[in-house]
Protein chains: 2
Amino acid sequence: MDYYSHQLDSIFLALADPTRRAVIGRLGTGPASISDLAKPFDMALPSFMKHIRLLEETGLVETRKQGRVRTCTLEKKRFALVDGWLSAQRAIWEARTDRLEAFVTATQSKEEKSR
Amino acid sequence: MDYYSHQLDSIFLALADPTRRAVIGRLGTGPASISDLAKPFDMALPSFMKHIRLLEETGLVETRKQGRVRTCTLEKKRFALVDGWLSAQRAIWEARTDRLEAFVTATQSKEEKSR
DNA sequence: AAAACACTTAGCCATTGCGCTAACTATCAT
DNA sequence: ATGATAGTTAGCGCAATGGCTAAGTGTTTT
């Protein structure tokens with residue numbers, strides 16, 4: 001339960017930046033090199049690299065260097081943690097909704113049932 | 001497309017903190033006052049309040065004050081933005097997978113069924 | 001061998017995030 | 001009216017984030 005906490009921290013933090021989300025979007029279509037990825041952004045390379053490194057540290061992106069080119073790929077499995085958290089929240093809501101529905105149903109069971 | 005960007009920034013940032021995620025979890029079971037919410041946390045009230053205010057600013061939580069008590073409720077709709085972004089990413093992956101599948105299918109079309 | 005390329009390292013800077021204490025305001029209870 | 005309760009405001013401090021420039025490393029290309 002709490003094990004995921006730190007991972008969620010870093011994943012959500014990683015997603016909280018438009019540059020990084022854009023990189024993720026781009027990598028969704030397939031692997032790319034650093035400079036390919038950097039091209040669309042009006043940003044010095046070292047600044048851009050920090051984003052890549054952060055994405056790598058959170059496990060959302062994996063990189064491999066061959067020769068002088070570093071190729072980045074998206075680690076899609078990693079998004080399961082986000083999904084997991086979201087659906088856990090929804091499960092909580094549903095549980096409450098069920099209780100509420102039970103209450104509402106019980107309360108109005110004297111008069112109506114349609115709709 | 002880009003209009004949502006800032007909202008996603010702030011939502012993901014809001015989710016990138018364990019205290020705030022815990023608050024969200026708690027509010028998932030129903031509304032609560034500030035001090036009720038704060039109880040489980042070993043943190044000064046003003047510090048805790050900052051989290052609440054941030055959650056409110058991002059629209060994930062709504063608050064209303066009656067008398068001296070401020071009641072917080074979860075704005076569940078807000079999570080749709082996260083869902084939306086996630087499924088947009090998945091759509092990108094699928095598109096690529098489709099292309100890849102088309103390729104694989106075409107390549108091995110001598111032996112296998114159509115699609 | 002020299003030049004171009006693709007990063008990489010180091011270090012600076014401004015802003016923001018997240019915690020604190022101290023002191024204040026506005027109810028509500030007695 | 002006193003005092004407890006529930007927030008609120010103001011301001012401090014430290015670490016992390018997100019940008020930059022300048023200079024360096026290791027690979028390819030010519």
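None of these values were measured; they are calculated from a predicted model. Protein chains get the first letters and strands the later ones, always in sequence-line order, with residue 1 at the start of each.
When DNA chain D is scanned in the 5' to 3' direction for atoms under 4.0 Å from non-hydrogen atoms of chain A, the outermost contacting nucleotides are D:dT17 to D:dT28.
Under a 3.5 Å cut-off, the side chain of A:R78 and the backbone N or O of A:V82 do not form any donor-acceptor pair. Here the side chain of B:S47 pairs no donor or acceptor atom with the backbone of B:M43 at under 3.5 angstrom. A donor-acceptor pair under 3.5 Å links the side-chain atoms of B:S33 to the main chain of B:D36, judged by distance alone. Judged by distance alone, the side chain of B:R20 and the main-chain N or O of B:A14 form a donor-acceptor pair under 3.5 Å.
Scanning both residues, B:L45 and B:A38, for their nearest heavy atoms gives CD2-CB, 4.0 Å.
When the P atom of C:dA10 is taken as reference, atom CE of A:M49 falls 13 Å away, rounded to whole Å. Regarding A:R53, its CZ atom lies at a distance of 7 Å from the C1' atom of C:dT8, rounded to whole Å. Atom P of nucleotide C:dC18 and atom CG of A:D9 are separated by 10 Å, given to the nearest angstrom. Taking atom CZ of residue A:F48 and atom P of nucleotide C:dT9, one finds them 16 Å apart after rounding to whole Å. Nucleotide C:dT25 holds its C1' atom 13 Å from the CZ atom of B:R70, rounded to whole Å.
A 4.5 Å side-chain heavy-atom check between A:V69 and A:I34 finds every atom pair outside the cut-off.
A donor-acceptor contact under 3.5 angstrom links the side chains of B:R70 and B:T63, judged on distance only.
The pair A:D9-B:R21 meets the salt-bridge criterion, with a side-chain N (NZ, NE, NH1 or NH2) lying under 4.0 Å from an Asp/Glu carboxylate O. Remark: A:R90 does not engage A:D83 in a salt bridge, criterion side-chain N to carboxylate O under 4.0 Å.
The shortest distance between the side-chain N/O atoms of B:H51 and the OP1/OP2 oxygens of C:dG17 is not below 4.0 Å. The phosphate of C:dC20 (OP1 or OP2) has no side-chain N or O of B:K50 nearer than 4.0 angstrom. Phosphate contact (OP1/OP2 of C:dC20, side-chain N/O of B:S47, threshold under 4.0 Å): present.
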Polar atom pairs between nucleotides 26-28 of chain C and protein, under 3.5 Å, N or O only, would you list them?
from	atom 1	to	atom 2	distance (Å)
C:dT27	O2	B:R68	NH1	3.0
C:dC28	O4'	B:R68	NH2	3.4

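The distance from atom CG of A:L15 to atom CD of B:Q89, rounded to the nearest 0.5 Å, is 9.0 Å. Summarising the geometry, atom CG belonging to A:L60 is positioned 11.5 Å from atom OG1 belonging to A:T73; distances are rounded to the nearest 0.5 Å.
Among the heavy atoms of the strands lying under 4.0 Å from B:S33 are primed sugar atoms or P, OP1, OP2 only; no base atom is included.
For the contact set between residues 34-45 of chain B and DNA chain D, defined by any heavy atom under 4.0 Å, the members are B:I34, B:S35, B:L45.
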